[in-house]
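First listed ligand is number 1; within each ligand, the first listed atom is number 1. Starting from 1, each residue takes its place in the sequence as its number.
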Amino acid sequence: MLIIGELINGMYTRIAKAIAEKDKATIQKCALDQVKAGAEALDVNCGPASADPISDMRWLVETIQEVTDKELSLDSSRPQSIKEGLKAARNKVIINSTTADLEKLKELVPLAKKHNAKLIGLAINSKGIPHNKDQRLELAAGIVTYCVEQGFNIEGLYLDPILMPLNVAQTQLKDILESIHEFKLLSQPHPKTVIGLSNISQGAKSRSLINRSFMVMAMAEGLDCAILNPLDKKLMNAVITSEVILNNKIYCDSFLEAYGKIQSPL
Ligand code: THG
């Protein structure tokens, strides 16, 4: 399971403030805390309030790289912002993300290829978020087809079914789980799958419980990667336990201690 830490995101008020004030210490602590808790990659998102998402992306990448060499998930709907992040990046990169729209694919697939970056493909297009599994599969298949045509290594493609909040889209969550399984059947070699886990509990109570319950179910469907809060210890323990149950990690009596070891940022 590739764990991408979600916390460097301007959606969080304290991160938005740190970006606005160019407060390096807050961002760097947030990066190091997530890595120590087990994140192998860090999402980097300037957030909706950013006054200048292009220069803020560059500043965030430079600031984070001063303290860790973990992979960076450049999270923006603006290709220009992703390009700026790529220019500044020394660390490995995940482009987060392209939609299924041809104009986005044309811009971002060659960029991912050139920079040897992983690419997240959202099952969404300019017409909006899909309403059922068939629409999700159709959009994902379009992304896979384009990547195959362009010679992008499909094993570096992470398809995202777009996880919706439980309190607004309850009837879609089973479809989303099944999409995770079916996306993997779209090509040989298989594309990978990713979700933004905390989406599911936005606006709800018992967020941590909802998050970890869905995470375990998604892992049973073959999920490869999640953008999540690695500081949520119960969630991380559920991830480790699921990895053992799925035979991805070898069982021993002290499996939580063995696999939950503090990570080094470098
Ligand atoms: N897919 C991909 N990338 C993504 C998402 C996705 N990136 C962004 C997001 N979704 C994943 N990251 C988050 C980060 C924070 C929250 C949800 C998803 C979150 N934030 C609090 C809230 O909205 O309630 C912020 C409030 C606060 O605590 O200050 O829940 O799906 N590819």
- Nearest to atom 3 (N) of ligand 1 by heavy atom, Asn211, Ile8, Asn96: which? Asn96

- Starting from atom 13 (C) of ligand 1, which protein heavy atom do you reach first, and at what distance in Å? Glu6 OE1, 3.6 Å

- Mind running side chain to side chain contact (heavy atoms under 4.5 Å, CB included) on Arg14 and Cys30 for me, showing each step along the way? CA-CA 11 Å; Arg14 79 187 181 87; Cys30 186; 4.0 Å; yes

- Item | Val194 to ligand 1, any heavy atom closer than 4.0 Å | no

- Are Leu163 and Leu209 connected in the hydrophobic side-chain network, where two residues link if heavy atoms are under 4.5 Å apart? no

- Message: Closer than 4.0 Å to some heavy atom of Thr13 - which atoms of ligand 1 meet that?
- Response: 29 (O)

- Item | Protein residue, atom and distance nearest to atom 27 (C) of ligand 1, heavy-atom basis | Tyr12 CD2, 3.5 Å

- Going by distance alone, is a donor N or O of one side chain under 3.5 Å from an acceptor N or O of the other, for Asp56 and Ser50? yes

- Is Asn45 close to ligand 1, meaning an N/O of one under 3.5 Å from an N/O of the other? no

- Note on the structure: Quick note on ligand 1: atoms under 4.0 Å from a heavy atom of Ile120 include exactly 32 (N)

- Query: With side chains defined as the heavy atoms from C-beta onward, is the minimum distance between Met11 and Asn45 less than 4.5 Å?
  - Reply: no

- Which residue and non-hydrogen atom of the protein lie closest to atom 7 (N) of ligand 1, and at what distance in Å? Asp75 OD2, 2.7 Å

- Item | Nearest neighbour of atom 11 (C) of ligand 1 from the list Leu122, Leu159, Asn199, Ile4, on a heavy-atom basis | Asn199

- Message: Would you say Asn211 and Ser208 are linked by a side-chain donor-acceptor pair, where the criterion is simply a distance under 3.5 Å?
- Response: no

- Query: Can you find a side-chain donor-acceptor pair between Ser198 and Glu6 that sits under 3.5 Å?
  - Reply: yes

- Query: Between Lys192 and Leu159, is a side chain to side chain contact (heavy atoms under 4.5 Å, CB included) present by the stated rule, with each step listed?
  - Reply: CA-CA 6 Å; Lys192 293 191 168 71; Leu159 294 169; over 6 Å; no

- May I ask you to identify the nearest protein heavy atom to atom 26 (C) of ligand 1, giving residue, atom name and distance to one decimal place in Å? Met11 O, 4.2 Å

- Return yes if some donor-acceptor pair links the side-chain N/O of Lys70 with the main-chain N/O of Ile64 below 3.5 Å, else return no. no

- So, is Gln202 polar-close to ligand 1, with some N/O to N/O distance under 3.5 Å? yes

- Task: Could you tell me whether ligand 1 has any atom less than 4.0 Å away from a heavy atom of Arg207?
- Result: yes

- Does an N or O anywhere in Ser198 fall below 3.5 Å from an N or O of ligand 1? no

- Query: Please state which protein non-hydrogen atom is closest to atom 1 (N) of ligand 1 and give its distance, to 0.1 Å?
  - Reply: Asp160 OD2, 2.6 Å

- Do Asp75 and Ser73 have side-chain atoms, one donor and one acceptor, less than 3.5 Å apart? no

